[in-house]
There are 2 protein chains.
Amino acid sequence: MNLAIGDLSRRTGVKIPTIRYYEQIGLLPSPARTEGQQRRYGPAEVRRLNFIRHARELGFEVDAIRQLLGLADDPDRCCGEVHDITKAHLDEVKDKIARLTALRDELEAMVACDNRRISECRIIEVLADHGECQHQQH
Amino acid sequence: MNLAIGDLSRRTGVKIPTIRYYEQIGLLPSPARTEGQQRRYGPAEVRRLNFIRHARELGFEVDAIRQLLGLADDPDRCCGEVHDITKAHLDEVKDKIARLTALRDELEAMVACDNRRISECRIIEVLADHGECQHQQH
DNA sequence: CTTGATCCTCTAACCGCTAGAGGTTGTAGG
DNA sequence: CCTACAACCTCTAGCGGTTAGAGGATCAAG
């Protein structure tokens, strides 16, 4: 098991430049190199990169992943911090959902305006004058 | 009514560098200048910038706003295109909500793991092995 | 006429990648 | 062993939508 970066990319679904980027920002450790300076990866790197990918898919920011990775390496520790990071992320997601839902309702009301002349179009009016709109703030 | 950029910023709530950025990318026209090259704005620019700000708050991308502004300037035209842009944006918002809702449910299940050792923490397990997780894709 | 707030341009940073140029290395087949 | 070519390397720059800061000019009030 001595994978080139392309193999690692295919196994994890993470694009090659992204893998190099993760190395650059310190999310992935610098791997072994061949004599010609090509990267070679083992199973530990595959696991770590999969962890990173799943966390990104779940919307965790790189900084949060860095923390999670640090914690994951310490099996005897209590996972309270892991819980806290996840909870904070969950709260952000809930908040985003709430804001988008308000947005959706506003847009639904706007698209009810159909096939008029621009000069009497509700959408344009709402955009031109926020007073027309129930939307508060992001 | 001959506003400096700071006045315009205070009136619209758009930060000064952002105003200059909007000018640079062609969202706002180049305004009149004093002899000393300072920008001076009139009521038309205030209206236009408010329009832009509202649209941004509603999550429209700059490109979409560019189109909306072009359409808004043509009062006799039918607003079908305006409707279509807004509808497309609405669909994106709905899609985003759906994905975030799935994410939220996944995170809710994860945070149910509380106060164990890292080695048996569900959150870490889910991140390390996506098979543990109902999440599909975003 | 001086002060000090505000303005100017230019450059670079943020996040999380992604793309391309231009050159080198690894590997399979002949 | 040699060639061909895929895959790799580094480096730089770009995306969107701002925001920040340096270093210097200008405006308006007193």
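Here is the naming used below: chain letters follow the sequence lines, and residue numbers restart at 1 for every chain. This one's a predicted model, so the numbers in the text were calculated from it and none came from an experiment.
- OP1 or OP2 of D/dT18 sits under 4.0 Å from a side-chain N or O of B/Tyr22.
- In terms of position along DNA chain C, the nucleotide closest to A/Pro17 lies nearer the 5' end than the nucleotide closest to the other residue of the pair A/Gln38 and A/Pro17.
- Taking atom CG of A/Asp63 as the reference point, atom P of C/dC14 lies 12 Å away to the nearest angstrom.
- Under 4.0 angstrom from either OP1 or OP2 of C/dT6 there lies no side-chain N or O belonging to B/Arg39.
- At most 12 heavy atoms of other shown residues, nucleotides or ligands fall within 6.0 angstrom of atom NZ in A/Lys96.
- Distances shorter than 4.0 Å separate none of the side-chain N or O atoms of A/Arg20 from OP1 or OP2 on D/dT10.
- One finds a salt bridge joining B/Asp7 and B/Arg10 here, because a Lys/Arg side-chain nitrogen approaches an Asp/Glu carboxylate oxygen to under 4.0 Å.
- At distances below 3.5 Å, not a single donor-acceptor pair connects side-chain atoms of B/Arg117 with backbone N or O atoms of B/Cys121.
- Atom OH in B/Tyr21 sits about 18 Å away from atom P in C/dC8, given to the nearest Å.
- Residue B/Thr18 has a polar side-chain atom (N or O) positioned under 4.0 Å from OP1 or OP2 of D/dT19.
- A sub-4.0 Å separation between OP1 or OP2 of D/dT26 and a side-chain N or O of B/Arg33 is absent.
- The residue among B/Glu35 and B/Val62 whose nearest nucleotide of DNA chain D is located toward the 5' end is B/Val62.
- Each of D/dA28, D/dG17, C/dC17 was ranked by its minimum atom distance to the side chain of B/Arg40; first place goes to D/dA28.
- Here D/dT19 presents its C1' atom at 17 Å from CD of B/Glu23, a figure rounded to the nearest Å.
- Salt-bridge check for B/Asp63 with B/Arg66: passed, with a basic side-chain N closer than 4.0 Å to an acidic carboxylate O.
- The residues B/Glu45 and B/Arg11 are annotated as not salt-bridged, no charged nitrogen and carboxylate oxygen being separated by less than 4.0 angstrom.
- The distance between atom CD of B/Gln24 and atom P of C/dC8, rounded to the nearest whole Å, is 13 Å.
- Put simply, CG on A/Asp7 is 19 Å from P on C/dT25, counting in whole angstrom units.
- Computed from coordinates, the B/Ile65 CD1 to D/dT18 C1' distance equals 13 Å when rounded to whole Å.
- A/Ile25 comes within 4.0 angstrom of no nucleic acid atom, judged by non-hydrogen atoms across all strands.
- If you find the closest nucleotide of DNA chain C to A/Gln37 and to A/Lys15, the one lying nearer the 5' end belongs to A/Lys15.
- At the phosphate of D/dT26, neither OP1 nor OP2 sits under 4.0 Å from any side-chain N or O atom of B/Thr34.
- Per the geometry, CD1 belonging to B/Ile16 stands 12 Å off P belonging to C/dT9, to the nearest Å.
- Remark: P of C/dT25 and CD1 of A/Ile5 are 17 Å apart, rounded to the nearest angstrom.
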